Each structure stands twice: as structure tokens, then as C-alpha cells.
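Okay, so here's the structure we're looking at.
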Amino acid sequence: MRIQLKKYTLQLKHTFTISRESHDFQDSLVVALSLNGKTGYGEATSNTYYKISVASMMAEIEAVRSEIEAFEFTTPEIVHAFLVSKGLSNFAICALDLAAHDLYGKLLGKPLYELWNTTTDHYPITNYTIGLAPITKMVSKMKETPWPIYKIKLGTKDDVAIVKELRKHTEAVFRIDANCAWSAKETIFNAPLLKELGVEFLEQPLKADDWGGMEQVMHQSVLPVIADESCIVEEDVDRCGLHFSGINIKLTKCGGLTPALRMIRKAKDMGLKVMIGCMTESTVGISAIAQLLPQLDYVDMDGAMLLKEDIAKGVIIAADGTVVFPSIGGGGISLNT
């Protein structure tokens, strides 16, 4: 295999704010793996919360470049196990694993969802994320992009009032993501008020390690609660089963499609709802997520929709939320430049 690494700085349409940070640009690493005339692409974004930068991922990969390029490519799963054995971070492994899957499907001439014995007859529609901002700006964002499901980022003292105001401007389903900003008491208090305002579920309201608080919420909240920051890797799924109604899997955090597929199976066996989320990736990362759609209950794959300019072609998300899947194999990804 031949490896190519490229850093992109993705500009967002609007400043993106959650409870703990804001940004206008997102650095991202795109990995290309080439073999037998085909090239697969994968992506992982930088993340200050997890202390991951594009430079750190590139350094990790460069340190084992020769070993990866000499490794005999058979299946993405075997490549993933090899990468784990080299001690790379999950973010770096994710970029390589996504590229390996895209390459594998292209070599076989089949999309990944077909290789996984699923069909695209039925799948969930992505939500569209409205980041924290002055209420007039949040309303403006909704009017700019009418959508059937919005994820609303919260984490202020006026969260219920914000949702009340947003509800005046749309009949769309709301999902609330407080990004660890609430206490158990706040969550239990807010839940019935938000349910009356058309909220479908809450995502990670408490700090990631507040398991005692989440046990209270699990028994007393009138809304389902989905784990995000509390569910990073495969080993977290078991514990989340006792504290959450479902899990939100991030490919970058767990290490790519290979572990995500195992997490999906485990969660379903436990009766948990399954969601896949994004990290403001371009269409490279979003196209990988899209291959999992038939296996999901919910999805947050609006990353490329939030960008001022995309860097790749792959899946297309239509104005009504339906997805147009590429005809080429793998994730169907090609770079614009």
C-alpha cells in the first residue's frame, strides 16, 4: 500500500459553539491508501477536548509509515488489528481504518453497506445542528436551513427558555445536546419541560464520569438519554447499558468503522438505541458514516453541511434529508483537490 497524508483547514459557515468551546475553522487529516490502481480515503478531525491535533496524528502515522506500507492488505479488520498493535491513537487509527474500508470496497466494486449485508431501503434522517448563539442567530440558522430534525446545543442558565423561543419558529423534532453542562437535578427538572416542547431525547447532559448522577437520571428522566462523552470505546458500551437509553458512537473516538460495527452489535444485543455522530468532518468522514445508516436508530451526519466549502465528493444529503449513495464501491469517496 502507498500512504498519502494531507491536512485541511475546513471553514465553517457559522461560528460553532457548544457548552465548552467555539470555533470557526476545523483542522482535519485526510489519509489516502492506494493499492492496485484504487485509492481509499479516510478522515479524522483534530479535537482539543481529547488533545488531538493533525500534527500529532501525522507524526504517529509517519513513525510507522514503512510498516503500514509493507503490510499485506487483505481486509480492513486485519489492518485495524495491526494498527492497534502499533499503539496509535484512536483518531489516527480512524483515518487509516476509514481509508482501508473505502479502498476495500473499491477493490471489490461494492459499497460497504452491501458488503455488510444491509440495504438502503430504510434508514434514519440526519439531524441538523444548531450551535449555541444569541437566540436571534439560532433562529436565523434554522430559517437558513429548514430541516425535519434539529440538534440544539445547550449549556446555559436559560436552556429551557431558548428551546421555547426556537419552538415558535418550527415544528421540527428537537434533540438536545448539553455537552456535559447540566447536573442530574437540572436534567430531571428540565426533561418534562423539554418533552412538552417536542424534544425527542437528551444527549450527554452530565459530565462523562458522573455515573451516580446518570443512574438518578436514568430512573427519573421522562426523556431518553443518549451517551456521547461517556461512550468512547468498545469497553464503555457495557457500563452505558445501565445508565443510558442509547449510545452515540463517534468514529474518530472509537477508532473507525471496525470497532464501531462491534459497538453497534453489542448495543443492539443489550437493547440500546444506536446513533452515530460526526465531528464536523468533510464528506470524506460523512460518507463513511452513511454506510452504517441501515444499522442505526438515529444519526448526526451533518458535518459537511456545516462547512463553507467541502473538499470531497461522496454521499449527497438532499434537502429533505434523504441520502444519495455513490455508485462506486467502498464509501464512494473522491477528493475535489
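Just so it is clear, the structure is predicted and the values come from calculations on it, not from any experiment.
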side-chain hydrogen bond (donor to acceptor under 3.5 Å, both in side chains) contacts touching residues 286-297 (sequence neighbours left out):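 Every pair satisfying side-chain hydrogen bond (donor to acceptor under 3.5 Å, both in side chains) with a residue in residues 286-297: there are none.
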List the residues meeting ring pair (Phe, Tyr, Trp, His ring centres under 6.0 Å) with [X], not counting sequence neighbours, and say none if there are none.
| X | result |
| --- | --- |
| F71 | F82 |
| Y298 | F201 |
| F174 | none |

Steps toward side chain to side chain contact (heavy atoms under 4.5 Å, CB included) verdict (D159, I176): CA-CA 10 Å; D159 285 341; I176 300 302; over 6 Å; no
Could you tell me which non-hydrogen atom of P326 sits nearest to which non-hydrogen atom of G331, and how far apart they are?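 Closest approach of P326 to G331, heavy atoms only: CG-O, 3.9 Å.
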Smallest separation among heavy atoms of G321 and I125, with atom names: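 Scanning both residues completely, I find the closest heavy atoms to be CA-CG2, 3.8 Å.
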Verify the neighbour count for atom CD of E144: are there more than 12 heavy atoms of other residues, nucleotides or ligands below 6.0 Å?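 Enclosed: over 12 neighbouring heavy atoms sit under 6.0 Å from CD of E144.
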Would you list the atom pairs, donor with acceptor, under 3.5 Å between side chains in residues 106-115 and any protein atom, with sequence neighbours excluded?
| from | atom 1 | to | atom 2 | distance (Å) |
| --- | --- | --- | --- | --- |
| K106 | NZ | T39 | O | 2.8 |
| K106 | NZ | D102 | OD2 | 2.8 |
| K106 | NZ | I333 | O | 2.6 |

Which atom pairs, one a donor and one an acceptor, fall under 3.5 Å between side chains of residues 129-139 and the rest of the protein, sequence neighbours left out?
| from | atom 1 | to | atom 2 | distance (Å) |
| --- | --- | --- | --- | --- |
| T129 | OG1 | D302 | OD2 | 2.9 |
| K137 | NZ | H14 | ND1 | 3.3 |

Under the side chain to side chain donor-acceptor pair (under 3.5 Å) test, which residues partner [X], sequence neighbours left out?
| X | answer |
| --- | --- |
| E62 | R65 |
| S245 | none |
| Y50 | K253 |

Salt bridge E165-K168, side-chain N to carboxylate O under 4.0 Å: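 Yes, this pair counts.
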Can you name the one residue among L306, D300, I317 that meets side chain to side chain contact (heavy atoms under 4.5 Å, CB included) with Y128?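 Testing Y128 for a side chain to side chain contact (heavy atoms under 4.5 Å, CB included) against L306, D300, I317 leaves exactly one candidate, L306.
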Results of salt bridge (Lys or Arg N to Asp or Glu O under 4.0 Å) for K266 - residues two or more places apart only: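 So K266 forms a salt bridge (Lys or Arg N to Asp or Glu O under 4.0 Å) with D238.
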List the residues meeting salt bridge (Lys or Arg N to Asp or Glu O under 4.0 Å) with D177, not counting sequence neighbours, and say none if there are none.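 Only K151, K153 meet the salt bridge (Lys or Arg N to Asp or Glu O under 4.0 Å) criterion with D177.
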Short question: side chain of T126, backbone of M301 - any donor-acceptor pair under 3.5 Å?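 Looks like yes, one N/O pair under 3.5 Å.
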Taking E281's backbone N and O only, do any of them form a donor-acceptor pair with E43's side chain (distance below 3.5 Å, no angle check)?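 It does not hold such a pair.
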Which donor-acceptor pairs under 3.5 Å do the side chains of residues 211-222 make with protein atoms, sequence neighbours left out?
| from | atom 1 | to | atom 2 | distance (Å) |
| --- | --- | --- | --- | --- |
| H219 | ND1 | E215 | O | 2.8 |
| S221 | OG | L223 | N | 3.1 |
| S221 | OG | L223 | O | 2.8 |

I'd like to check L292 versus L251 (side-chain heavy atoms, cut-off strictly below 4.5 Å). Are they in contact?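 The answer is yes; the side chains approach within 4.5 Å.
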